[in-house]
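To start, the structure itself, in structure tokens.
This is a predicted model, so every value here is computed, not measured.
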Amino acid sequence: GAEFGAARRYGSYEALAADPDVDAVYVASPHPMHKEDSLLCLNGGKAVLCEKPFTINAAEALQVIGTARARKLFLMEAMWTRFTPVMGKVRELVSQGAIGEVRIVQADFGFRAGFDPKSRLFDPALGGGALLDVGVYCISFASMLLGTPEQVVGTAHLGESGVDENTGILLRYPKGEIAVLAVAVRANTPQEATVIGTEGKIRIHAPFWIPRALTLSRSGQEDEFIELPYEGNGYNYEAQEVARCVGEGLMESPIMPLDETLAIMQTMDSLRAPWGLKYPTE
């Protein structure tokens, strides 16, 4: 703190949570610590922005959300993708009916990491695997457009350390829409997303989770390339949303509401249950 000129620094999370002059805390610890760290800050009277995945499972998410609501404190999942200019444009185009009714959502997020059983990507004790680390992006993207699925199907390759390394996900929604998702920590994928409607499609260029551009394709019209670069590193947009909501006295963000965060956790629970994938903290 002294070296970098930090006006405030703490020797523990407890000290941070006890500081009456701190309004909000960004929880970005490893996955299994999200619940306890968020509860610590909420019980200290702080607004909380909690990194994805929100918790290890839906039961933990429900506990954190319940605490925030009981204490009337702001809480939001840090799904930074939602707040970028391109994703705002996607929501706008879909709501305007630019591609008709959305029927299919496709997305993939895969990268090849070197196997290390002690790293957070492969250690079950740290919530390792593709589903929690990158699958949440794809599931959240589909949720943003289609809501909560009524049928959840998935298959995964469980690697040497017992976590999912390559995972395929198929979701069906109440009006017959489907989402086809692929995620991996041992394979590079195109890292794109496509929203297919009855009258056109929107292609979100790689990397879709922090995008700079999209292409709008409509029947009988020339493709429209729309570039909307993000500022900074992209995390600033979710921070601005937290500041806006807290300033206006909101308990949650309408862009990333808590009931949706809970539903996403429930979907991920449903996916991995048939695989027999459990984390040591559960």
Legend entry - Side-chain donor/acceptor of Thr167 to backbone N/O of Asp164, under 3.5 Å: no
Legend entry - Any donor-acceptor pair under 3.5 Å from Asn43 side chain to Leu39 backbone: yes
Legend entry - Heavy atoms of other groups near Gln221 CD, more than 12 under 6.0 Å: yes
Legend entry - Any donor-acceptor N/O pair, Arg91 side chain to Arg82 backbone, under 3.5 Å: yes
Inset, instruction - May I ask you to decide if Leu42's main-chain N or O and Arg71's side chain share a donor-acceptor pair within less than 3.5 Å? - result: yes
Inset, instruction - Applying salt bridge (charged side-chain N to carboxylate O under 4.0 Å, His left out), run through Glu192 and Arg203 and close with a yes or a no. - result: CA-CA 7 Å; Glu192 290 190 342; Arg203 175 187 169 203; 2.8 Å; yes
Legend entry - Nearest atoms (heavy-atom pairs only) where Val27 meets Ser38: CG2-OG, 4.0 Å
Inset, instruction - Could you tell me whether the side chain of Glu60 and the main chain of Ile56 form a donor-acceptor pair under 3.5 Å? - result: yes
Legend entry - Separation of Phe74 CZ from Glu248 CD (nearest 0.5 Å): 10.5 Å
Legend entry - Same cluster (ILVMFWY, side-chain, under 4.5 Å), Leu181 and Ile104: no
Enumerate, atom names and distances included, each donor-acceptor pair closer than 3.5 Å involving a side-chain atom of residues 213-220, sequence neighbours excluded.
| from | atom 1 | to | atom 2 | distance (Å) |
| --- | --- | --- | --- | --- |
| Thr215 | OG1 | His205 | NE2 | 2.7 |
| Ser217 | OG | Asp223 | OD1 | 3.0 |
| Ser217 | OG | Asp223 | OD2 | 3.4 |

Inset, instruction - Flag the pair Glu252 and Arg69 as a salt bridge only when some basic side-chain nitrogen lies within less than 4.0 angstrom of an acidic carboxylate oxygen. - result: yes
Legend entry - Ion pair Asp19/Arg8, N-O distance below 4.0 Å: yes
Legend entry - Asp269 side chain vs Asn57 backbone, donor-acceptor pair below 3.5 Å: no
Inset, instruction - Return yes if some donor-acceptor pair links the side-chain N/O of Ser143 with the main-chain N/O of Ile139 below 3.5 Å, else return no. - result: no
Inset, instruction - Would you check if the side chain of Ser95 reaches a backbone N or O of Glu92 as a donor-acceptor pair within less than 3.5 Å? - result: yes
Legend entry - Worked check of side chain to side chain donor-acceptor pair (under 3.5 Å) between Glu101 and Thr198: CA-CA 5 Å; Glu101 296 180 4; Thr198 53; 5.6 Å; no
Inset, instruction - Answer yes or no: is there an ion pair linking Glu282 with Arg272, defined by an N-O contact shorter than 4.0 Å? - result: yes
Inset, instruction - Apply side-chain contact (heavy atoms from CB on, under 4.5 Å) to Val48 and Leu73, showing your working. - result: CA-CA 8 Å; Val48 170; Leu73 291 166; over 6 Å; no
Inset, instruction - Count the heavy atoms belonging to other residues, nucleotides or ligands that lie under 6.0 Å from CD of Glu222, then report whether that count exceeds 12. - result: no
Legend entry - Separation of Asp108 CG from Thr194 OG1 (nearest 0.5 Å): 8.5 Å
Legend entry - Among Leu49, Thr81, Ile264, the one residue meeting side-chain contact (heavy atoms from CB on, under 4.5 Å) with Met256: Ile264
Inset, instruction - Give the intermediate values and the outcome of side chain to side chain donor-acceptor pair (under 3.5 Å) for residues Asp37 and Tyr13. - result: CA-CA 8 Å; Asp37 294 342; Tyr13 291 168; 4.9 Å; no
Inset, instruction - Report, as yes or no, whether the 6.0 Å neighbourhood of atom NZ on Lys201 holds more than 12 heavy atoms from other residues, nucleotides or ligands. - result: no
Inset, instruction - Answer yes when Lys52 and Glu238 have at least one side-chain N-carboxylate O distance shorter than 4.0 Å, and no when they do not. - result: no
Please list, one pair per line, the donor and acceptor atoms closer than 3.5 Å that link side chains of residues 113-130 to other protein atoms, with sequence neighbours excluded.
| from | atom 1 | to | atom 2 | distance (Å) |
| --- | --- | --- | --- | --- |
| Asp116 | OD1 | Lys118 | N | 3.0 |
| Ser119 | OG | Asp116 | O | 3.0 |
| Ser119 | OG | Leu121 | N | 3.4 |
| Arg120 | NH1 | Asp133 | OD1 | 2.6 |
| Arg120 | NH2 | Asp133 | OD1 | 3.4 |
| Asp123 | OD1 | Ala125 | N | 2.9 |

Legend entry - Ring centroid separation Trp80 to Tyr237 under 6.0 Å: no
Legend entry - Any donor-acceptor pair under 3.5 Å from His34 side chain to Pro53 backbone: yes
Legend entry - Whether Gln63 side chain and Ala61 backbone form a donor-acceptor pair below 3.5 Å: no
